[in-house]
Amino acid sequence: MKSVQSKKQIQVTVHFTPANLDEMQLKDKNIVIIDVLRASTTIAMALQNGAKEIIPVNSVENAVKISGSLYGDVTLRAGERNARMIEGFNLGNSPDEFTEEIVKGKSIILMTTNGSVAIVKGKHAQNLVVAGFVNLTAVVDFLNKLDSDFVIICAGKENYFCLEDVVCAGRIINKLAKETDSVLLLDDAGEASLTLDKVFGKSILKTLKNSEHGKYLSEIGFADDLKVCAAVDSIDVLPMLTGNVIRLQKNPGSSQ
Ligand code: MLT
């Protein structure tokens, strides 16, 4: 057991939205991107169901450009605008669309309004992992092994605060604090996310149902997605960005 004085200190920085962050600020950082509704959950589901890789992009134009020569049997275009499938794409952004039958062995180009855009901002990170409630423990285990400073970026909604992402950030920090031998040094946003988890994390599904984006998804027919996104540790995978591509990471802490 280490004495308090000799304990390592880990700086945890939380951003409630990716607004004001740019690629260079995030260069060489250890980053966790959270987009509970729904990009994080969809990415975890696709990889668990055998997708070869996810290529996140920050515009529909880039999705079309990248898929230009690749588009065909092995590449799918997925994503949303206002949570609905983009015209000409193969899939939307509902996790349940990404079945083994549809995604196994495929490269998926993913364009979403907030989640994929936030991931692209972190493309020069040292390590970048994608987190939701569905893979919470996998992310905490990774951070515990990493034992180094990290930044959590909540994808939010068009640069506004989203409760569900911040509650998930708080849950990750709460769980890590119980498991690490190091001391977590939190910024104000990190402290606030801990409290929000204590209050709103009591019933995650209820919180998702009452959230602005959750209500919107329910209104347009995606209420079932909320249950998938609320299921803690239901998808035990660690999606990690390497270069421009997200793949499953088997050895946390080292790049593939
Ligand atoms: C996003 O990135 O904005 C989303 O995941 C929105 C959604 O499809 O619900």
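Order of listing sets the numbers, starting from 1, for every ligand and every atom in it. No experiment lies behind these values; they were computed from the predicted model shown.
Every atom of ligand 1 is numbered from 1 in the order shown, and the set under 4.0 Å from a heavy atom of Thr113 is 1 (C), 2 (O), 3 (O). Atoms of ligand 1 lying under 4.0 Å from any heavy atom of His213, numbered from 1 in the order shown and given with element: 6 (C), 7 (C), 9 (O). Remark: ligand 1 atoms within the under-4.0 Å shell around heavy atoms of Gly115 are 1 (C), 2 (O).
The closest side-chain heavy-atom distance from Ile172 to Leu136 is below 4.5 Å. Side-chain atoms of Val64 and Arg77, non-hydrogen and from C-beta on, do get closer than 4.5 Å to each other.
Distances from atom 8 (O) of ligand 1 to the heavy atoms of Asn93, Thr112, Asp225 put Asn93 nearest.
Put simply, CG on Asn135 and CD on Gln48 are 10.0 Å apart, with the number rounded to the nearest 0.5 Å. One finds the CG atom of Asn174 at 8.0 Å from the OG atom of Ser193 (value rounded to the nearest 0.5 Å). Atom-to-atom distance recorded for Asp225:CG and Met45:CE is 9.0 Å, nearest 0.5 angstrom. The CG atom of Asp165 sits 11.5 Å away from the CD1 atom of Ile153 when rounded to the nearest 0.5 Å.
Residue-level proximity to ligand 1 for Val117 is absent, since no heavy atom of it falls below 4.0 angstrom. Contacts between Arg38 and ligand 1 below 4.0 angstrom, taking non-hydrogen atoms only, involve backbone and side chain alike. With a heavy-atom cut-off of 4.0 Å, Thr42 does not touch ligand 1 at all. Here Leu37 has backbone heavy atoms under 4.0 Å from ligand 1, and that is the only part of it that gets that close.
Heavy atoms of other residues, nucleotides or ligands lying less than 6.0 angstrom from CG of Asp22 number more than 12.
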Checklist line | Stepwise side chain to side chain donor-acceptor pair (under 3.5 Å) check, Thr207 with Glu164 | finding: CA-CA 7 Å; Thr207 293; Glu164 66 280 9; over 6 Å; no
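Nearest protein heavy-atom neighbour of atom 3 (O) of ligand 1: Asn114 ND2, 2.6 Å.
At under 3.5 Å, not a single nitrogen or oxygen of Leu217, backbone or side chain, sits near a nitrogen or oxygen of ligand 1. Annotation: Ala83 places no N or O atom under 3.5 Å from an N or O atom of ligand 1; distance criterion only.
The shortest heavy-atom distance from Lys157 to ligand 1 is not under 4.0 Å.
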